[in-house]
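The sequence lines fix the lettering, A, B, ..., with proteins before strands; numbering per chain opens at 1. Note that these values count all heavy atoms, side chains included, but never hydrogens, waters or copies made by symmetry.
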There are 2 protein chains.
Amino acid sequence: MSSQYTFTGEFTFSIDSKNRINIPATLRKQFLSRDKKTFVVTRGIDQCAWIYPMSEWEIIQKELKELSSLSKTNRIFLRNHLRHANIIKFDNQGRFVLPQSLVDYSTIKKDVTIIGVLNKIEIWNPHLLKKVDQSDEVDEQSYEELSERVNI
Amino acid sequence: MSSQYTFTGEFTFSIDSKNRINIPATLRKQFLSRDKKTFVVTRGIDQCAWIYPMSEWEIIQKELKELSSLSKTNRIFLRNHLRHANIIKFDNQGRFVLPQSLVDYSTIKKDVTIIGVLNKIEIWNPHLLKKVDQSDEVDEQSYEELSERVNI
DNA sequence: TAAGATAAGTGGTTAACAGTGGGTTAAAAT
DNA sequence: ATTTTAACCCACTGTTAACCACTTATCTTA
């Protein structure tokens, strides 16, 4: 089964003293009624937080179950992604509380950058995102190859 | 699936104090009813903004969905292509609001040049376009390569 | 070709809504 | 029982988008 969501766009919001973050209305309105404003926040592979609408998370969980625990990489991956998964709902104003552990992990202070990435939403420390952006961590060649496969 | 649109022509319009830009009627009338006046504005590879009718964007989106986020290159590629994509509708007068980030990126001041380029529409700062035009940025060789693939 | 009619481009106003902050009560933990 | 935490409610403010109005251009028809 494939993804039902196609989040896009970038937003600059702020986190308040109670660790509340507002989900941009444009993204929030895309939540299907069957997800009832419920989603999962977890560690991203990069230094950010990932948000999956509940039904998306269920798809991923199913895929994760297929992974053999015999492989060390798989074990680490499963551990890192499942133990930090929190089931969350947003309040009447459209906000949710980002768990302290994820605030720490993504080194979020006052401002946050929120990015829609198809089936998930990413929460970033703006400064960190900028740094990752600028650093040439991706080797150019594989990027080129990719852009040839995907027809933009 | 291949493109349904063939935009052509060049137009000089203006952007107002609220970042509103009018889509030329000639281009607007080509929008298919199923796209319901909805489109995606995003960063062009050159220093301009790109507009894709929704159904065109969906073709791209479908390709992007094939990319797994386990690959680092994929993650960065996806982020960079999706974060600047804004889903937009035009108002009853046929205008749309160009997000500030794209106004900045394409250094648009007062006048804009709008160009139809097959399946997308490009929004340019006229002065910048002129400069790019005059400078022979395209090296002859890649033109040669292109001529072998495309039969003009 | 001129005049009226229709459509296109541009500008401003307003009312709804999104984002943010704080306070109060209920629940949980110590 | 007391302290801490989290959910809920209310309230303020700035932005946005829907609406209205005017001018200029284009098309049509006499």
Subject >> Any N/O donor-acceptor pair, B:K18 side-chain to C:dT13 base, under 3.5 Å >> reply: yes

Subject >> B:K89 NZ to D:dC19 P, straight-line distance once rounded to whole Å >> reply: 12 Å

**OP:** Report yes or no: is the cationic atom of A:R43 (NZ for Lys, CZ for Arg) closer than 6.0 Å to the six-membered ring centre of A:Y105, at no more than 45° off its axis?
**Re:** yes

Original post:
Atom CG of A:D111 and atom P of C:dG19: how far apart are they, to the nearest Å?
Top reply: 15 Å

Subject >> Close side-chain approach of A:F7 and A:P53, heavy atoms under 4.5 Å >> reply: yes

**OP:** Record whether the side chain of A:R95 comes under 3.5 Å of the base of C:dG21 through a donor-acceptor pair of N or O atoms.
**Re:** yes

**OP:** Rounded off to whole Å, could you give me the CG-to-P distance for the B:L98 and D:dT16 pair?
**Re:** 13 Å

Subject >> Whole angstrom value for the distance that separates P of C:dG21 from NZ of A:K110 >> reply: 4 Å

Original post:
Would a 4.5 Å heavy-atom cut-off, applied to side chains only, mark B:T113 and B:I123 as touching?
Top reply: no

Original post:
Is B:N92 near enough to D:dA18 that one of its side-chain N or O atoms lies under 4.0 angstrom from OP1 or OP2?
Top reply: no

Subject >> Residue of the set B:Y5, B:Y52, B:W57 for which side chain to side chain donor-acceptor pair (under 3.5 Å) holds with B:D35 >> reply: B:Y5

Subject >> Per B:D16 side chain, nearest of listed nucleotides C:dA18, C:dT20, C:dG11 >> reply: C:dG11

**OP:** May I ask you to verify if any side-chain N or O of B:S17 is less than 4.0 angstrom from the OP1 or OP2 atom of C:dG11?
**Re:** no

**OP:** Among the candidates C:dG9, D:dA17, C:dT20, find the nucleotide nearest to the side-chain atoms of B:N22.
**Re:** C:dG9

Original post:
What's the CG-P distance between A:N86 and D:dA6, to the nearest Å?
Top reply: 11 Å

Subject >> Presence of donor-acceptor pair under 3.5 Å, side chain of B:R20 and base of C:dG12 >> reply: yes

Original post:
Could you state the CG-P distance from B:D91 to C:dT10, rounded to the nearest angstrom?
Top reply: 12 Å

Original post:
Any side-chain donor paired with an acceptor under 3.5 Å for A:N19 and A:Q100?
Top reply: yes

Subject >> Between C:dT20 (C1') and A:F96 (CZ): distance, integer Å >> reply: 15 Å

Subject >> d(CG, B:L27; P, C:dA8) in whole Å >> reply: 12 Å

